[in-house]
Amino acid sequence: ESRTLSLEILKVGLIEANVRAIALDGDNLWFGGGDRFDGSEGMTKFNRREGKWDYFEPKYIHGLSRGGINSIVADSQYVWFGTDMGLTRYDKGQNDWTTLTIFDRLSDEQITSLALDGDRLWVGTEVGLDRVDQKSGLVERIDQEDLKDSYIYDIEVGGGYIWAGTDRGIFRKPKAKGRWDKFTDA
């Protein structure tokens, strides 16, 4: 009688059980979470049509930010990841990773929320709000006094406005032009 010991490792499941962000990207679902302090970092992509799992870890990919993932948004060209250590962009066509930090003019590297508005990406941090031009990657800080040094909990785009939930209340700005105003309802 002959015995063979063989093992086939199947890539199934999440790279990290602590999931803080999920984004739908066509047939793909992106999952992110983790914590930079316990060494669990990375993201998972699941192709729903093919049933295939892919894993992305900072220690193996140049340009991929370390840290836990707090927010993910995707469009036809890019997937953006808001992490504890910067803003990471994955270019799907080029299979290229780039991370923006305070050295690229981000208000802070602790990214709390993300929202897409056409070619603009709104980036919430623990100390304010930024806008990134997706094509050029240029970062513009929103230096309006009401929002400066505000913790941005969430950003949404809808109803002709950009909405920001902050530690100072809710603010909104018309999508076209204008300033951020604190939203109050009688």
Side-chain angles (χ1 to χ4, degrees), residues 11 14-16 18-34 36 41-50 52-142 152-165 173 175-176:
K11 292 182 176 183
L14 301 170
I15 195 170
E16 170 57 45
N18 174 10
V19 175
R20 290 186 284 187
I22 301 173
L24 184 59
D25 177 24
D27 287 335
N28 296 315
L29 264 175
W30 289 89
F31 301 91
R36 67 179 172 181
E41 301 170 316
M43 64 266 311
T44 304
K45 179 178 75 171
F46 174 63
N47 185 296
R48 299 176 301 153
R49 186 173 34 84
E50 298 173 7
K52 181 181 172 196
W53 297 86
D54 287 311
Y55 306 96
F56 305 91
E57 294 179 80
K59 61 185 173 187
Y60 301 121
I61 300 174
H62 177 72
L64 177 55
S65 174
R66 300 191 68 83
I69 297 162
N70 302 314
S71 187
I72 307 170
V73 294
D75 66 12
S76 61
Q77 186 173 359
Y78 301 113
V79 182
W80 294 89
F81 302 89
T83 79
D84 294 334
M85 298 182 75
L87 175 66
T88 298
R89 179 182 76 183
Y90 173 60
D91 185 325
K92 296 187 265 185
Q94 300 295 320
N95 193 29
D96 183 52
W97 298 84
T98 306
T99 295
L100 304 175
T101 66
I102 56 173
F103 298 107
D104 299 294
R105 291 198 30 86
L106 281 177
S107 295
D108 189 40
E109 292 176 0
Q110 288 280 336
I111 309 300
T112 57
S113 58
L114 301 171
L116 287 169
D117 176 28
D119 288 338
R120 291 177 287 207
L121 173 71
W122 293 94
V123 180
T125 74
E126 289 188 350
V127 296
L129 183 63
D130 300 325
R131 182 174 57 205
V132 177
D133 181 289
Q134 287 200 79
K135 291 188 187 326
S136 68
L138 292 176
V139 177
E140 178 187 352
R141 289 184 185 178
I142 306 303
I152 310 297
Y153 289 105
D154 199 9
I155 308 166
E156 292 295 331
V157 177
Y161 290 94
I162 313 296
W163 297 83
K173 176 190 131 12
K175 282 179 72 170

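All figures in this text were calculated on a predicted structure; none of them were measured in a lab.
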Reported [atom1]-to-[atom2] distance for the pair [X] and [Y], which is rounded to 0.5 angstrom:
| X | Y | atom1 | atom2 | value |
| --- | --- | --- | --- | --- |
| Thr88 | Tyr78 | OG1 | OH | 14.0 Å |
| Asp119 | Arg131 | CG | CZ | 12.0 Å |
| Ile69 | Arg20 | CD1 | CZ | 8.5 Å |
| Glu50 | Asp27 | CD | CG | 8.0 Å |
| Ile152 | Asp108 | CD1 | CG | 11.0 Å |
| Asp54 | Thr44 | CG | OG1 | 9.5 Å |

Side-chain contact test, heavy atoms from C-beta onward, threshold under 4.5 Å: evaluate it for [X] versus [Y] and give yes or no.
| X | Y | result |
| --- | --- | --- |
| Thr98 | Tyr90 | no |
| Thr125 | Leu106 | no |
| Leu87 | Leu114 | yes |

Item to complete: Kindly indicate, with the supporting measurements, whether the criterion side chain to side chain contact (heavy atoms under 4.5 Å, CB included) is fulfilled by Trp80 and Val132.
Response: CA-CA 11 Å; Trp80 294 89; Val132 177; 4.1 Å; yes

Can you tell me if [X] uses its side chain to pair, donor with acceptor, with the backbone of [Y] under 3.5 Å?
| X | Y | answer |
| --- | --- | --- |
| Glu109 | Ile102 | yes |
| Ser107 | Val127 | no |
| Arg141 | Arg105 | yes |
| Glu156 | Gly165 | no |
| Asn18 | Gly33 | no |

Discussion item. With no hydrogens and no angle check, just 3.5 Å: does a side-chain donor-acceptor pair link Ser65 and Thr83?
Written reply: yes

Worksheet item: Do NZ/NE/NH1/NH2 and the carboxylate oxygens of Asp25 and Lys92 come within less than 4.0 Å?
Response: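 Yes, charged N to carboxylate O under 4.0 Å.
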
Exercise: identify the closest heavy-atom pair between [X] and [Y]:
| X | Y | value |
| --- | --- | --- |
| Pro58 | Leu64 | N-CD2, 3.6 Å |
| Asn47 | Asn28 | ND2-OD1, 3.2 Å |
| Ile72 | Phe31 | CD1-C, 4.0 Å |
| Gly158 | Trp163 | O-NE1, 3.2 Å |
| Arg120 | Lys175 | NH2-O, 3.5 Å |
| Gly63 | Thr99 | O-OG1, 2.6 Å |

Item to complete: Report the C-alpha separation of Leu129 and Ile155 in whole Å, then their side-chain angles, then the decisive distance to 0.1 Å, and conclude whether the side chain to side chain contact (heavy atoms under 4.5 Å, CB included) test is met.
Response: CA-CA 9 Å; Leu129 183 63; Ile155 308 166; 3.6 Å; yes

Item to complete: Could you please spell out the steps behind the side chain to side chain contact (heavy atoms under 4.5 Å, CB included) verdict for Arg89 and Leu100?
Response: CA-CA 8 Å; Arg89 179 182 76 183; Leu100 304 175; over 6 Å; no

Discussion item. Set out, in order, the CA-CA distance, both residues' side-chain angles and the distance that settles side chain to side chain contact (heavy atoms under 4.5 Å, CB included) for Asn70 and Asp84, then state yes or no.
Written reply: CA-CA 7 Å; Asn70 302 314; Asp84 294 334; 2.9 Å; yes

Item to complete: Fit a plane to each ring of Phe81 and Trp30, take the angle between them on a 0 to 90° scale, and name the class: parallel (under 30°), tilted (30 to 60°) or perpendicular (over 60°).
Response: perpendicular

